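Encoded as structure tokens, the structure appears first; notes follow it.
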Amino acid sequence: MKSGFRHIRGFLQVAELGSFTQAAQNLHVSQPALTVQIHQLEEDLGVRLFDRDRRKVTLTPAGKRLLAPMQKVLDNFDEACKLAHELGDLSRGRLAIAALPSVAANWLPQRIARFHETYPNIEVRVIDVVSDQVQTLVAEASVDLGVGVWLRRDLAIQFKKLFEDRMHVFFPPDHELASVSSPNLKVISRYPHISMARTTSVRQLLDHALQETDLSVDVTCEVDRLSTAINMVRAGVGIAVLPLSTLDSISCEGLLHRPIEGHYLQRAIGVMTPRKRLLSPAAEAFSLALQDSETAD
């Protein structure tokens, strides 16, 4: 079909004004050019749209029947163009982010607040999941981008480091570790542990470190949430190796913590984006804002 939206717009103008001359003037085209457009539209549709004589131009029965559908097509196209411009200049849009629970609860809110100051009409949805799921959601295009730990190599995803989160051992003030200023993995492996679930980056990081040093720990309780781990430690069930950022997102009042000596346990937190899929304007702007915020900090 050779006809397009210019042809439909021309048809509607001629129908409204009853004149090719006036319609051509409104559309800023020559009358012969508009006449050709209408002929092309009639050929593509297989019906005559106008009856013409020297005095006036009137719609044929087919033209009258097609008037409303044609207007709807043009309205929908104009609305789509308007939406595309709004999305392009970020005056409207949606953004879905997958993030670690600890990042979603503490680090991310301030960044989203700053983003909303610049783009107040971008609707942001945050899905807080463990790192393995963050990577999966980005790879499956279920979200626009992710913020988490790079756990496995994936050529479909690009990872850009934002900051590092060091692991500390958390324990009650009356615990034997309170007298140890710089505990190492061998020391902390002597005590019962509250462990994060195996799917979490915290657990995987600790397991890898223990494997490298040929050590193991006695896991007395396995939990999914940092808040649960802290409360278990507070209750005296065991000690826990958790990220230092836990202090910012959960009340650790009454507990002590120490960095682990001799084995620099840390996780790199970064933004994950699809490598082969173009980001939406909102996702691109937010990804850059995250990287800029860390450079500024």
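Computed from heavy atoms alone, side chains included, the values below leave out hydrogens, waters and symmetry copies. Sequence positions, counted from 1, serve as the residue numbers for this chain. Because the structure is predicted, anything quoted here is derived from the model rather than measured.
Considering CG of L206 and OG of S189, their distance stands at 10.0 Å, rounded to 0.5 Å. The distance from the CD atom of Q22 to the CD atom of Q31 is 10.5 Å, given to the nearest 0.5 Å. Note that the CG atom of L145 and the OG1 atom of T273 stand 7.5 Å from one another [nearest 0.5 Å]. Between the CE atom in M167 and the OG atom in S245 there is a gap of 7.0 Å [rounded to 0.5 Å]. Atom CZ of F286 is separated from atom CG of L279 by 12.5 Å, given to the nearest 0.5 angstrom. Expressed to the nearest 0.5 Å, how far OG1 of T118 lies from NE2 of H116 amounts to 10.5 Å.
Q204 and R198 get closest at one heavy-atom pair: NE2-O, 3.2 Å. Considering all non-hydrogen atoms of both residues, I230 and F170 come closest at CD1-CD2, 4.0 Å. When all heavy atoms of S216 and L210 are compared, the closest pair comes out as N-CD2, 4.4 Å. Between A229 and I194 the shortest heavy-atom distance is CA-CG2, 3.9 Å. When all heavy atoms of L242 and V202 are compared, the pair lying nearest together is CA-CG1, 4.4 Å. Taking each heavy atom of S227 and I250 in turn, the nearest pair found is N-CD1, 3.2 Å.
Listed by chain and residue number, nothing satisfies the side-chain hydrogen bond (donor to acceptor under 3.5 Å, both in side chains) test with S280 (two or more places apart in sequence, or in another chain). Q71 meets the side-chain hydrogen bond (donor to acceptor under 3.5 Å, both in side chains) test with D75; sequence neighbours excluded. The side chain to side chain contact (heavy atoms under 4.5 Å, CB included) search around P259 returns R166, H168, not counting sequence neighbours. Remark: V29 pairs with A24, L27, L34 by the side chain to side chain contact (heavy atoms under 4.5 Å, CB included) rule, at least two apart or across chains. Residues that satisfy the side chain to side chain contact (heavy atoms under 4.5 Å, CB included) test with Q211, not counting sequence neighbours, are absent from this structure.
Not a single donor-acceptor pair under 3.5 Å links the side chain of S287 to the backbone N or O of A283. In terms of modelled atom types and a separation under 3.5 Å, the side chain of T60 and the main chain of L49 share a donor-acceptor contact. H193 places no side-chain N or O within 3.5 Å of a backbone atom of G238 that could act as its donor or acceptor partner. Between the side chain of D144 and the main chain of A96, a donor-acceptor pair closer than 3.5 Å is present. Checked by atom type and distance alone, the side chain of H7 pairs as donor or acceptor with a backbone atom of G4 at under 3.5 Å.
For R258 and E261, the salt-bridge test fails: no basic side-chain N is under 4.0 Å from an acidic carboxylate O.
Residue pairs meeting the side chain to side chain donor-acceptor pair (under 3.5 Å) criterion with at least one member in residues 170-182, sequence neighbours excluded, are E176-Y191. Under the salt bridge (Lys or Arg N to Asp or Glu O under 4.0 Å) criterion, no residue pair touches residues 224-247, with sequence neighbours excluded. The salt bridge (Lys or Arg N to Asp or Glu O under 4.0 Å) contacts involving residues 243-253 comprise nothing, where partners must be two or more places apart or lie in separate chains. Applying the salt bridge (Lys or Arg N to Asp or Glu O under 4.0 Å) rule to pairs touching residues 267-283 yields D165-R267, sequence neighbours excluded. Sequence neighbours left out, the pairs with a member in residues 116-132 that pass salt bridge (Lys or Arg N to Asp or Glu O under 4.0 Å) are R94-E123, D132-R152.
You'll find the side chain of V233 stays beyond 4.5 Å of the side chain of I239, heavy atoms only.
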inquiry  = Please evaluate residues I97 and R111 with respect to the criterion side chain to side chain contact (heavy atoms under 4.5 Å, CB included), reporting the C-alpha separation (whole Å), side-chain torsions for both, the decisive distance (0.1 Å), and the verdict.
reply    = CA-CA 12 Å; I97 306 166; R111 274 71 187 177; over 6 Å; no

ask   = Does the pair H257 and L244 meet the rule for a side chain to side chain contact (heavy atoms under 4.5 Å, CB included), with working shown?
value = CA-CA 9 Å; H257 61 92; L244 184 59; 3.9 Å; yes

task = Evaluate side chain to side chain contact (heavy atoms under 4.5 Å, CB included) for L67 paired with K64, printing each intermediate quantity in order.
result = CA-CA 5 Å; L67 190 59; K64 292 178 181 179; 5.7 Å; no

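Ring orientation note: the planes of F20 and F50 are nearly perpendicular, at an angle over 60° on the 30°/60° scale.
Clustering of Ile, Leu, Val, Met, Phe, Trp and Tyr by side-chain heavy atoms under 4.5 Å joins I157 with I127, V129, V134, L137, V138, V143, W150, F159, M272. Applying the under-4.5 Å side-chain rule to Ile, Leu, Val, Met, Phe, Trp and Tyr, the cluster around L155 consists of that residue alone.
For the 3.5 Å distance criterion, the side chains of E212 and H208 qualify, holding a donor opposite an acceptor.
Within a 6.0 Å sphere centred on CZ of R65, heavy atoms belonging to other residues, nucleotides or ligands number 12 at most.
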